[in-house]
There are 2 protein chains.
Amino acid sequence: MSTRTTQHSYTIKETAALIGLPASTLRYYESIGVIAPISRGASSGHRVYGEDDLDQLMWVACLAATGMSVSDMRTYISNGGHGAAKAREQVELLEQQERRLAIEAEQVALRQRYVQLKIGYWNAIDAGDQAHAAALSDEAYALADQLKQTKRNEERR
Amino acid sequence: MSTRTTQHSYTIKETAALIGLPASTLRYYESIGVIAPISRGASSGHRVYGEDDLDQLMWVACLAATGMSVSDMRTYISNGGHGAAKAREQVELLEQQERRLAIEAEQVALRQRYVQLKIGYWNAIDAGDQAHAAALSDEAYALADQLKQTKRNEERR
DNA sequence: CCTTTGACTTCAAGTACTTGAAGTTCCTAC
DNA sequence: GTAGGAACTTCAAGTACTTGAAGTCAAAGG
């Protein structure tokens, strides 16, 4: 299926960063059989992830993000799963993931702004600047409203 | 601070809908002391949520949305929470949260780039352009390589 | 009045990770 | 080469909900 000429390898940390899941979760997924066992370095016993492993993990991450349970993922994957999907399907799923990430980036930015306003608020309190504190508090409240709205629209992942 | 004339009351289901958290989570938060005990209907024993309870829950939902742990939430809230108290501790906690979010934003951007490269890869495969596909695959690897340089690589949540 | 339906109650068990401990291996630097 | 630290390993325990069981309560229909 894969006609790759260059087979790069990745450590668990690199893989975790690229897929967007912590290394502990990658080990967990492997331990419960959601992904195939990852090959190990001959002497070290450390996991060595290949391109195919990354593809498989990205697929699993997409399924997890769309709310599929671990047990469903296991049955789905043992019934062909990732390998059975066509290129068109893969791209569709990846584009879905792209949109999710855009939303996530937006929300993180919103949360950063919120926390920064809160810090400003406490610093203003510390400096005795009640007017400034009140203004920041109002701004934070407006942002909080926005945050809750987006969170509600998110629906349990 | 709060001088409300109308104290409307809500069932747990209404409250859950307004706050955007499942009812089970509201009960859970109460059971572990993240929020104050909710008063009960005289005969039914059912929880009756007031406006103040809603305010408190909205605040907790915001903290949860920024990824704060339950134990930190409890500390934060017992230190005055939404109201005014111990500014130093509050700011310290918030600045810690700010750093977490900065790291998260960085990582989301990385994942966005990776997914975009993957989409390009599958499109190239679909178009039969092996050379372009390989080039994009290499670029994805370079992304991971670049990551090695980025020392600060803590985990979220 | 009585039954049914549905929302509520507690509590225990399950889920999907996450974290910590204790030990091994890789890498860099002297 | 060897010392030190970062990164990896497994396994056990913890976390933050979530779900299921078993029972109580309340409004609507016959």
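Below, chain A is the first sequence line, B the second, and so on; all start at residue 1.
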(request) Report the nucleotide, chosen from C/dT18, D/dC17, D/dT18, that has the shortest atom-to-atom distance to any side-chain atom of B/Pro22. (result) D/dT18
(request) Compare the minimum distances between each of D/dT10, C/dC8, C/dC17 and the side chain of A/Val70, then state the nucleotide with the smallest one. (result) C/dC17
(message) If the condition is side chain to side chain contact (heavy atoms under 4.5 Å, CB included), which residues does A/Thr25 pass it with, not counting sequence neighbours?
(response) A/Leu21, A/Pro22, A/Tyr29
(message) Applying a 4.0 Å non-hydrogen cut-off, can you work out what B/Thr25 is touching in the nucleic acid: base, sugar-phosphate, or nothing?
(response) sugar-phosphate
(message) So, using side chain to side chain contact (heavy atoms under 4.5 Å, CB included) as the criterion, who are the partners of B/His132 when residues are at least two apart?
(response) B/Ala124, B/Asp129, B/Leu136
(request) For the side chain of B/Ile12, starting at C-beta, report the closest nucleotide among C/dT18, C/dT9, D/dT19. (result) C/dT9
(message) For DNA chain D, which residues of residues 30-38 of chain B approach it to below 4.0 angstrom with any heavy atom?
(response) none
(request) May I ask you to say what A/Arg27 touches in the nucleic acid, namely base, sugar-phosphate or nothing, with a heavy-atom cut-off under 4.0 Å? (result) base
(request) Sequence neighbours left out, what passes side chain to side chain donor-acceptor pair (under 3.5 Å) with B/Gln56? Give chain and number order. (result) none
(request) Kindly state each residue pair satisfying salt bridge (Lys or Arg N to Asp or Glu O under 4.0 Å) with at least one member in residues 28-38 of chain B, sequence neighbours excluded. (result) B/Glu30-B/Arg47
(request) Report the residues that fulfil ring pair (Phe, Tyr, Trp, His ring centres under 6.0 Å) with B/Tyr49, sequence neighbours left out, ordered by chain and then residue number. (result) none
(message) Which residues pass the side chain to side chain contact (heavy atoms under 4.5 Å, CB included) test with A/Thr11, not counting sequence neighbours?
(response) A/Lys13, A/Glu14
Under 3.5 Å, which protein N or O atoms sit close to an N or O of nucleotides 20-26 of chain D? Give each pair with its distance.
residue	atom	partner	partner atom	Å
D/dA26	OP1	B/Ser43	OG	3.0

(request) Identify, with sequence neighbours excluded, every residue that meets side chain to side chain donor-acceptor pair (under 3.5 Å) alongside B/Ser71. (result) B/Ser69
